[in-house]
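Accompanying notes for the structure given below.
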Amino acid sequence: MSNPSLLILAGDGIGPEVMNEVKKIIGWYGEKRDLAFDVEEDLVGGAAYDAHGTPLTDATMERAQNADAVLLGAVGGPKYDTLDFSVKPERGLLRLRKEMDLFSNLRPAQCFDALADFSSLKRDVVAGLDIMIVRELTSGVYFGEPRGIHKEGNERVGINTQRYTESEIARVARSAFELARRRNNKVCSMEKANVMESGVLWRQVVTEIHEAEYPDVELSHMYADAGAMQLCRWPKQFDVIVTDNLFGDLLSDAAAMLTGSLGMLPSASLGAPMANGRPKALYEPVHGSAPDIAGQGKANPIACILSFAMALRYSFDNGDEATRLEQAVERVLADGKRTADLLGPEGGTPISTAEMGDAIIAALDASI
Ligand code: IPM
Ligand code: MG
């Protein structure tokens, strides 16, 4: 049997730097754990635009559709700010999500003990935090039609449309309930059913799926604004949060700060199972391309490395090796190793992107 295939799209800014460290980790698994992958690389975002005049070529799209999993670094940068909307780096990412139909976006917010003092919230509010935000990723107001800016009389009007079908809500709800069963068995669904019809339907469908298929899981509902407040007040009340594309975008950035640094957060975007039983999947750090520090060896590779751990767990059904990698990260942090983003107000000497990758490899070596 051939090895599972990975398509690496490192992208822009710090993307290639953090992805370099992931490549070392992939190499380690091939060498030390007999877990080899066939790795291909291609361009996305501004890098693809520079080479081909488009943020994602059809050929790359095709390769992504055929890969067992896609690993993405980051897209975007100031150089591309003035480009037309249709060829902006972000469009490359949105096209991958849409055409691979990656409707379920898993964004864990986990606070490593060694970092509990880095959060802007008090230690006891965040220490030991482990929640999962499931964001719907292929529909809602980011994709709904009609959209655009047009003239009405003598002024301009900007329009976007929030639109959800029953089946779109049902499938992301199922993925949240399935996850909850493997965690602490609790789902909180967030919408704005008090002011939006799409929110009313969201609540109805989530409730129906719950009653018919997942009565063993504890379900609650919250308006998304109240949910944002509760996330800051007492985040440990949550296990799995399921919400739409727009609210999930906002709530997951807020949740990121609970953990101390955006440089720590991985994500998985999952779709329907392929012929081989694996879900269509793309893994990426939640942080962006950070152009201000790109090329300086300062970036924290942990979010990208933990995204690969998610790939081991969700695409390759290898929770044990995923846990090994997560624990290696935890050990390195507990040893006091810090990239610049993880230095507190008292300062200290940061290690480089590559040194962090090497430290994690050393911790992996020590684990076998
Ligand atoms: C995210 C980002 C993206 C989004 C951008 C880069 C298109 O903010 O993944 O959260 O809005 O979904
Ligand atoms: Mg976002």
Side-chain angles (χ1 to χ4, degrees), residues 9-15 18-19 43-49 54-56 61 64 70-109 131-144 147 158 160-164 168 172 190 224 227-228 231 241-259 261-271 280-292 294 299 303-304 306-307 310-311:
L9 303 173
D12 308 323
I14 60 170
V18 294
M19 198 57 87
L43 302 174
V44 69
Y49 178 81
T54 167
L56 190 80
M61 187 65 239
V70 179
L71 306 182
L72 189 133
V75 295
K79 186 175 156 194
Y80 309 103
D81 278 354
T82 54
L83 287 182
D84 186 77
F85 214 59
S86 62
V87 288
K88 271 194 193 298
E90 289 78 4
R91 300 309 298 178
L93 179 55
L94 291 177
R95 181 176 176 198
L96 283 163
R97 290 173 177 174
K98 188 70 181 173
E99 292 191 20
M100 292 171 76
D101 204 15
L102 305 171
F103 60 86
S104 180
N105 181 213
L106 278 42
R107 298 191 161 189
I131 61 179
M132 177 73 86
I133 297 186
V134 178
R135 167 188 176 192
E136 199 291 324
L137 202 59
T138 52
S139 185
V141 74
Y142 290 1
F143 293 98
R147 64 187 295 162
N160 289 92
T161 302
Q162 166 84 334
R163 179 179 191 276
Y164 269 107
E168 285 169 341
V172 74
M190 296 189 186
L231 258 182
I241 292 172
V242 63
T243 190
D244 75 12
N245 202 344
L246 171 63
F247 296 139
D249 194 11
L250 306 184
L251 293 169
S252 63
D253 264 29
M257 256 305 122
L258 304 174
T259 69
S261 170
L262 201 51
M264 296 294 300
L265 276 117
S267 79
S269 304
L270 306 177
K280 278 256 155 99
L282 180 146
Y283 299 87
E284 58 175 319
V286 171
H287 64 66
S289 59
D292 51 319
C304 204
L306 291 176
S307 298
M310 291 187 88

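Both counts, for ligands and for their atoms, begin at 1 and track the order of listing. Any value given below was found using the heavy atoms of this structure, including those in side chains, with hydrogens, waters and symmetry copies removed.
Of all atoms in ligand 1, numbered sequentially from 1 with element shown, those under 4.0 Å from a heavy atom of Tyr142 are 11 (O). Proximity to Arg135 (heavy-atom distance under 4.0 Å) selects the following atoms of ligand 1: 1 (C), 4 (C), 9 (O), 10 (O), 11 (O), 12 (O).
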Tabulate below the donor-acceptor pairs under 3.5 Å that side-chain atoms of residues 133-142 make, not counting sequence neighbours, or state none.
residue : atom : partner : partner atom : Å
Arg135  : NE   : Asn245  : O            : 3.0
Arg135  : NE   : Asn245  : OD1          : 3.0
Arg135  : NH2  : Asn245  : OD1          : 2.7
Glu136  : OE1  : Thr138  : N            : 3.2
Glu136  : OE1  : Ser139  : N            : 2.9
Glu136  : OE1  : Tyr164  : OH           : 2.8
Glu136  : OE2  : Thr138  : N            : 3.2
Glu136  : OE2  : Thr138  : OG1          : 2.9
Thr138  : OG1  : Arg171  : NH2          : 3.3
Ser139  : OG   : Arg163  : O            : 3.2
Ser139  : OG   : Glu168  : OE1          : 3.0
Ser139  : OG   : Glu168  : OE2          : 3.2
Tyr142  : OH   : Asp249  : OD2          : 2.7

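Residue-ligand proximity: Arg107 is placed with a non-hydrogen atom under 4.0 Å from ligand 1.
By the 4.5 Å heavy-atom criterion applied to side chains, Lys280 and Leu102 are counted as neighbours. Counting only heavy atoms from C-beta outward, the side chains of Glu284 and Leu9 never approach each other to under 4.5 Å. Proximity of Thr54 to Tyr49: side-chain heavy atoms (C-beta onward) are nowhere separated by under 4.5 Å. For the pair Leu251 and Met190, the minimum side-chain heavy-atom distance is below 4.5 Å.
Side-chain contact, Asn105 with Ser269: a donor N or O sits under 3.5 Å from an acceptor N or O.
Residues meeting the side-chain hydrogen bond (donor to acceptor under 3.5 Å, both in side chains) test with Glu99, sequence neighbours left out: Arg95. Every residue meeting the side-chain contact (heavy atoms from CB on, under 4.5 Å) condition with Ala290, not counting sequence neighbours, appears here in chain and number order: Ile14, Asp292, Ile293.
Only protein atoms were considered; those of element N, O or S under 2.8 Å from the Mg ion (ligand 2) number 1.
Regarding atom 2 (C) of ligand 1, its nearest protein heavy-atom neighbour is Asp249 OD1, 4.2 Å.
Of the listed options Glu90, Arg91, Arg97, Arg97 places a heavy atom closest to atom 12 (O) of ligand 1.
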